[in-house]
Amino acid sequence: MQLLLCLSKPAQHVKKNPLMAASGSGSIMWFRKGLRIHDNPALEYASKGSDFLYPVFVIDPHYMEPDPKAFSPGSRLAGLNRIRFLLESLKDLDTSLKKLGSRLLISKGEPDKVLIQCLKEWGVKKLCFEHDTEPYYQALDIKVKEYTSAAGIEVFSPVSHTLFNPADIIQRNGGKPPLTYQSFLKLAGQPSWLSSPLLTSISSLPPVGDVGSCEISEVPTIKDLGYGDIEQEWTPFRGGESEALKRLKESVSDKKWVANFEKPKGNPSLFVKPATTVLSPYLKFGCLSSRYFYQCLQDVYKNVQKHTSPPVSLAGQLLWRDFFYTVAFGTPNFDRMKGNKLCKQGARSFFFKKGYRSLISSSFHNIIQDFALRMPSLNVVMIPWNDDDELLAAWREARTGYPWIDAIMVQLRTWGWMHHLARHSVACFLTRGDMFLHWERGRDVFERLLIDSDWAINNGNWLWLSCSSFFYQYNRIYSPISFGKKYDPNGNYIRHFLPVLKDMPKEYIYEPWTAPSGIQRKAKCIVGRDYPKPVVYHDSASKECKRKLAEAYALNQKLNGQLSQEDLDNLRRKLAQDEDPEPKIRRQRRKVGHLT
DNA sequence: GTGACGTTGTGTGA
DNA sequence: TCACACAACGTCAC
């Protein structure tokens, strides 16, 4: 309310038309993701044949308003970097809409309630919004469609966030999502829209109609949202479609770089000019169309002699995105370890008792019903992860004592973005590599702090990295010392994000606890005082993790993945009994060191 | 049932 | 720079 009051001002580009509601020629374009003008079929359809167009974005307080209890500045669900990125994206969209004779109408509240109020007040006959497969939006859309169906309002909700429609892929695979990238590629083939040009510009839009009694504001600032004066290091990446297209143009203009791109060969320690496009935050909010990006890449590939291919190529990265969207859409409880049992044993009851039947479009319902009968097939390994708030906080707050890990966590907090392999390093360290903590805890931290955090991709990658699903070679552990050193022997990345170590000689920068005390004094960094000692011994901790994973895998195999809570607890006790005490001893020493 | 395969590990030795 | 051991997983195609 405070926001609306302080921003209430006469709306520009708004034409009064008291007859509009009766004429029924108005449409609402409901922006959620898809914050762009180019390749936006919902916007295109909304503007066709409409005398008035209402471009609406609803600010959900859960997503935007300050939560003082959260572990970093921001709302309950999002860190401040991502909130700011979203506001910048909205501002850019508003500017673009104004150039086309329209504007963005910002409202605030529970999105479904606000939208239904707008639909009633404005008397429109058409509601357009981009289809979204995330559970949050699926549930939201059900509520809105219940109203539109009863009110006789046409709904147009095209798939334009991804290259393919996840439901189509699942249908083609007999009702199950493909579980490997290669099988996904085979099913997907070439996108149907690839041969025809996408609509990348619009010359004008219908004017905005009378907004009546609906509370509408301009795009708020961070301060308007109640954050006051914030002192923090902000992400260097600016939100919005204009910035996205500029970045895209820069990336694809280097044809040689695009043609030779191989994701696993990228250097995660580069930060002045990152080794990847950093287009992921723009794809996340739909400031950039993945289809337009894909088409631009195909144009480059056509004009070079040879180029890399999926999974490592740039186009392959967009296909990875679609792969995770597809598996996530076809897997109930994709974001949990413990939902798997429910999937395997009680898929029918899950779908039919929990109301998911109404959640899914009728055309897809038959497939899902069949899918439920066949049993969902994503195997999530049940692992008795440890629960240790102290270790989790050390990881989250960049004080593990391993500079490579801590520097990445500082980059996460300050930039909201890190290279993919840097994410692998810290995710492996938290889960199966060193700390043996639950991937869901790490997922929560990433989900909050990343500016590109995406429900399907984030959960998919945590399942992958923790060897819980998709990837199972738990012997392959990233070393918190040698992995970074291989790319950046001088430790420039560490020196930048952990200035406390900027004068540490390169011989010790990845393992400062090994530096002689004279060197530590000269570098003005005494380990245990200015920078923490390691919270675990990597050598023994990683061996312990491998042993635990081996036992957990064996039990999962024995019980065919059907572990009860009791089975997990028993295994946890057994693993603790057999545990090598060495990592714990180090933790005790560190703790004492901190207290004194 | 079997064999090939899997975007992105590390350390060692040639 | 490359091959190999490490130790061995699940998925897919046959």
Side-chain angles (χ1 to χ4, degrees), chain A residues 172-174 176-187 260-270 274-276 280 307-324 326-327 330-331 340 344 374-383 402 404-405 408 418-429 431-434 457 460-488 510-511 538-561:
Chain A
R172 267 182 252 166
N173 198 38
K176 294 184 295 182
L179 299 180
T180 63
Y181 184 77
Q182 296 302 336
S183 59
F184 170 81
L185 288 186
K186 275 186 200 163
L187 283 163
N260 294 324
F261 184 90
E262 282 185 72
K263 185 69 168 282
K265 291 192 179 165
N267 182 338
S269 73
L270 297 179
T276 53
S280 54
H307 59 83
T308 53
S309 299
V312 297
S313 62
L314 266 179
Q317 306 315 299
L318 288 172
L319 290 158
W320 274 109
R321 179 174 177 269
D322 264 56
F323 168 68
F324 282 124
T326 305
V327 187
T331 306
N340 195 40
K344 284 197 168 178
R374 285 163 187 264
M375 309 302 181
S377 48
L378 181 73
N379 177 37
V380 176
V381 184
M382 300 283 277
I383 297 166
Y402 287 91
W404 171 247
I405 299 298
I408 294 167
M418 321 85 98
H419 186 274
H420 191 63
L421 291 177
R423 300 180 194 204
H424 277 215
S425 284
V426 295
C428 182
F429 187 88
T431 57
R432 67 184 170 84
D434 292 84
I457 300 168
N461 277 309
W462 276 96
L463 283 163
W464 186 298
L465 255 297
S466 63
C467 278
S468 297
S469 201
F470 302 112
F471 175 80
Y472 308 94
Q473 286 161 303
Y474 56 79
N475 287 306
R476 296 186 182 175
I477 290 175
Y478 291 85
S479 163
I481 298 156
S482 42
F483 185 73
K485 201 187 278 184
K486 165 171 85 176
Y487 297 99
D488 179 19
Y510 284 88
E511 301 166 90
H538 172 67
D539 285 350
S540 51
S542 58
K543 280 195 187 93
E544 275 296 298
C545 284
K546 280 190 261 191
R547 182 182 68 82
K548 288 173 180 174
L549 261 298
E551 294 227 24
Y553 269 55
L555 189 64
N556 272 267
Q557 205 167 42
K558 189 177 159 195
L559 301 178
N560 193 27

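Below, chains carry the letters A, B, ... as their sequence lines are ordered, and counting in each starts from 1. Values below: every heavy atom of this structure, side chains too, minus hydrogens, waters and symmetry copies.
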Let's see if you can work this out: which of B:dG6, C:dC12, B:dT8 has an atom nearest to the side-chain heavy atoms of A:His420?
B:dT8
Pair A:Glu511 + A:Lys485: basic N to acidic O under 4.0 Å
yes
Nucleotide opposite B:dT10 in a Watson-Crick or G-U pair, distances under 3.5 Å
C:dA5
Quick note, A:Ser183 side chain, CB onward, closest among B:dT7, C:dC12, C:dG10 is C:dC12
What's the OH-P distance between A:Tyr474 and C:dC9, to the nearest Å?
6 Å
Here the pair of heavy atoms bringing A:Ile481 nearest to A:Tyr510 is O-CD2, 3.5 Å
Contact under 4.0 Å: A:Gln182 side-chain N or O vs B:dT7 OP1/OP2:
yes
A:Trp464 side chain: which of C:dC9, C:dC12, B:dT7 is closest?
B:dT7
With P as the reference atom in both, quote the distance from B:dT2 to C:dA7 in angstrom, rounded to an integer.
24 Å
Mind calculating the distance between CG (A:Asn267) and P (B:dT7) to the nearest angstrom?
22 Å
Using Watson-Crick or G-U wobble geometry with both distances below 3.5 Å, tell me the partner of B:dC5, or none.
C:dG10
How far apart are the C-alpha atoms of A:Trp404 and A:Ser425, what are their side-chain angles, what is the distance that settles it, and do they pass the side chain to side chain donor-acceptor pair (under 3.5 Å) test?
CA-CA 9 Å; A:Trp404 171 247; A:Ser425 284; 3.1 Å; yes
Atom pair distance, as rounded to whole Å: CD in A:Glu262 and P in B:dT7
14 Å
Nucleotide B:dG6, atom C1' - distance to CG of A:Leu185 in whole Å
13 Å
ring-ring contact (aromatic ring centres under 6.0 Å, His included) for A:Phe324 and A:Phe184? Distances and angles first, verdict last.
CA-CA 10 Å; A:Phe324 282 124; A:Phe184 170 81; 9.6 Å; no
Would you please indicate if the ring centroids of A:Tyr402 and A:Phe429 are separated by under 6.0 Å?
yes
Without decimals, in angstroms, what is the distance between A:Lys265 NZ and B:dT7 P?
16 Å
Please report the distance separating the C1' of C:dA8 from the corresponding atom of B:dC5, rounded so that it comes out in whole Å.
14 Å
Spell out protein contact along nucleotides 9-14 of chain B as letters: B when the base is contacted, S when just the sugar-phosphate is, - when no protein heavy atom is under 4.0 Å; keep the 5' to 3' order.
BSS---
Rounded interatomic separation in angstrom, taking NZ from A:Lys263 and P from B:dT7
13 Å
Parallel under 30°, tilted from 30 to 60°, perpendicular over 60°: which one fits the rings of A:Trp464 and A:Phe470?
parallel
Between C1' on B:dT7 and CZ on A:Phe261, what's the gap in Å once rounded to a whole number?
10 Å
To the nearest Å, give me how far apart NE2 (A:His419) and P (B:dT7) are.
17 Å
Measuring centre to centre across the rings, with the benzene-like ring taken for any Trp, is A:Tyr474 within less than 6.0 Å of A:Tyr553?
yes
